[in-house]
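Side chains are part of it too, since the values below use all heavy atoms of this structure and drop only hydrogens, waters and symmetry mates.
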Amino acid sequence: MESKGGYLAEDVLIEILSRMSVKSLLQFRCVCKFWKNLIDSPAFISIHLQHNNNKDNAHLVVHYYDDNRDLWDIVLFPDKMLTVPTYHNMGLSFSAYNLVGGPINGIFCLCDKRERIGLWNPATRAFRALPLCRTKLFPRDWIPCHCGFGFGLDPTSDDYKVVWIRRFDDGEPAKWGPWMDPIHVAVYTLSTDSWKDFKGDAPDTYCLNSLIDSCYDSYLNGVYYWWSTHGKLVLFDMGKEEFREIEGPPLIHQDSAYEILALYSGSIALIYSHSQVPLDSWESAEQSSVALWVLMEEEGMGYWIKQLNIGPLHGMMKPVGVWKNDEVFVETTPGHLLLYNPKTQRVLKDLQILGHRTHSCCLHVLIYTESLLSVHGEGEPGEYKNPSGVIKLPRSFF
């Protein structure tokens, strides 16, 4: 096939460009109109995502609490060797309850305690604020409280969705405690840019009130997963918009346990860390042991296999994510982030990030691959705003 964009045949040009970084492609859009139309086309964006969506092209994002500046921050490691962190100046201060969901095909979902949500593509530096989630099911003076938050892709329509689980407090002392406050579930769809009330069958109120948000991406193959503190896995199918529950592995539940979901070798895994003293104390670091359970599913049935048994981790608080070659990110005393090899029991790298010095659970690790996918609806303007500058989010967002 003859080239319309230079000396190279079009199929050869596509093969070369599809292996380029997003940063380079955004610059190449200025070469000529043909290149711009090619790079912006859905077909090329899909080819580029397929070439880059693998472990070898993974990048690291760390969401952590900065003690020195008293705010939450996001750090991106653009190189695969984790040597040069880039601090993203978003022009805002993250709240203590801020959540980062995803990534799904290179797109993150941000949420804060003031109920503002947005989609963010770090590679293109594009951001989209979502409409506020409102419901008429409860009086306006009732206070919504976050329970669960999930971001994923509907594989039947290739549409991004956000599922948000909240309990509503009427301000009066609850007879049975906050665990029995009424629950509201809403689903956002990107193509319609709107929220809708979920009206299907859902787990009971106690179960939904006890969900633990994953610090990592716990979406897989059209399903989002939460871990519940009473020992169950709660699933939400993004396509069917249905909930399901799976019994957890046989754990020894105790006050000093830390349980979180993560992706491990293409499967959902539960990281279970426990010690003899509470895990929100740095004293527990000398005694922490870790087990990693992997969920296996066959014909709609789920069962668990213990994949790793690590510990005790001397001087290490808990695992916070899985990197390439089954290497593990661990939080240490006092709040450092290290890359650790559980097989050799050696520290491979100190990432020079210091989280909260007096409290754990303030380092969140997310793994993503770059993409050209837009955070805007199909055909909407603004897909590549400010491609060469620092991302600027509106201050009104938070």
Side-chain angles (χ1 to χ4, degrees), residues 18 40-54 101-111 117-121 124 126 128 130-131 133 135 148-165 184-203 208 211 213-214 216-227 233-246 261-269 295-302 366-380 383:
S18 65
D40 289 354
S41 68
F44 178 82
I45 291 174
S46 178
I47 293 172
H48 180 266
L49 179 64
Q50 292 174 13
H51 281 169
N52 285 274
N53 198 14
N54 57 66
I104 308 297
N105 294 334
I107 297 177
F108 291 87
C109 189
L110 310 179
C111 174
I117 300 179
L119 302 182
W120 172 46
N121 184 330
T124 63
R128 176 193 184 115
L130 305 189
C133 179
T135 179
F149 171 81
F151 173 53
L153 181 69
D154 178 352
T156 63
S157 62
D158 285 332
D159 207 353
Y160 291 92
K161 293 183 178 180
V162 179
V163 56
W164 201 0
I165 305 169
H184 175 251
V185 180
V187 179
Y188 169 85
T189 304
L190 178 61
S191 62
T192 61
D193 191 30
S194 62
W195 293 90
K196 64 180 179 182
D197 296 329
F198 174 77
K199 298 180 179 179
D201 294 330
L208 293 182
L211 298 182
D213 271 297
S214 173
Y216 331 110
D217 172 24
S218 55
Y219 162 89
L220 183 66
N221 298 331
V223 178
Y224 194 89
Y225 298 78
W226 296 272
W227 177 250
L233 198 63
V234 177
L235 293 66
F236 184 82
D237 188 306
M238 293 287 176
K240 299 178 181 178
E241 295 191 359
E242 294 177 351
F243 280 100
R244 192 157 60 94
E245 297 177 69
I246 294 178
L261 296 179
L263 292 182
Y264 178 84
S265 297
S267 299
I268 289 293
L295 175 66
M296 310 299 291
E297 291 190 79
E298 291 183 1
E299 299 180 353
M301 302 296 292
L366 303 113
I367 314 301
Y368 96 110
T369 53
E370 292 185 339
S371 81
L372 288 163
L373 288 170
S374 173
V375 297
H376 300 269
E378 186 175 352
E380 291 189 21
E383 295 184 22

Ignoring hydrogens, what is the shortest heavy-atom contact between [X] and [Y]? Give both atom names and the distance.
X	Y	result
Cys111	Trp164	SG-CZ2, 4.0 Å
Gly239	Thr156	CA-OG1, 4.2 Å
Val234	Pro203	CG1-CG, 4.1 Å
Ile47	Ser18	CG2-CB, 3.8 Å

For the atom pair [atom1] ([X]) and [atom2] ([Y]), what is the distance rounded to the nearest 0.5 Å?
X	Y	atom1	atom2	value
Leu372	Asp40	CG	CG	8.0 Å
Phe44	Leu49	CZ	CG	11.5 Å
Asn105	Gln50	CG	CD	10.5 Å
Thr124	Ile107	OG1	CD1	7.5 Å
Tyr224	Ser218	OH	OG	3.5 Å
Leu295	Tyr264	CG	OH	14.5 Å

Please examine the side chains of [Y] and [X], heavy atoms only from C-beta on, and report whether any two atoms are closer than 4.5 Å.
X	Y	answer
Ser371	Ile45	no
Val223	Arg244	no
Tyr160	Cys109	no
Ile165	Phe243	yes
Leu261	Leu233	yes
Leu119	Leu190	yes
Asn121	Ser374	no

If the condition is salt bridge (Lys or Arg N to Asp or Glu O under 4.0 Å), which residues does [X] pass it with, not counting sequence neighbours?
X	value
Asp154	Lys161
Glu245	Lys232
Lys196	Glu241

> Considering residues at least two apart in sequence or located in another chain, which fulfil the ring-ring contact (aromatic ring centres under 6.0 Å, His included) criterion with Tyr188?
Replying inline: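 Partners of Tyr188 by the ring-ring contact (aromatic ring centres under 6.0 Å, His included) criterion, ordered by chain and then number, come out as Trp195.
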>> So, using ring-ring contact (aromatic ring centres under 6.0 Å, His included) as the criterion, who are the partners of Phe108 when residues are at least two apart?
In response: Trp120, Tyr368
> Val163: what forms a side-chain contact (heavy atoms from CB on, under 4.5 Å) with it, not counting sequence neighbours?
Replying inline: Val185, Val187, Trp226, Phe236, Met238
>> Looking at His48, is its backbone amide N or carbonyl O close enough to the side chain of Asn52 to form a donor-acceptor pair, meaning the two atoms are under 3.5 Å apart?
In response: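 Indeed, once roles are kept as given, a pair shorter than 3.5 Å links the two residues.
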> Has Asn221 got more than 12 heavy atoms of other residues, nucleotides or ligands less than 6.0 Å from its CG?
Replying inline: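 No - once you tally the heavy atoms of other residues, nucleotides and ligands closer than 6.0 Å, there are 12 at most.
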> So which of Thr192, Leu153, Thr189 actually passes side-chain contact (heavy atoms from CB on, under 4.5 Å) with Asp159?
Replying inline: Thr189
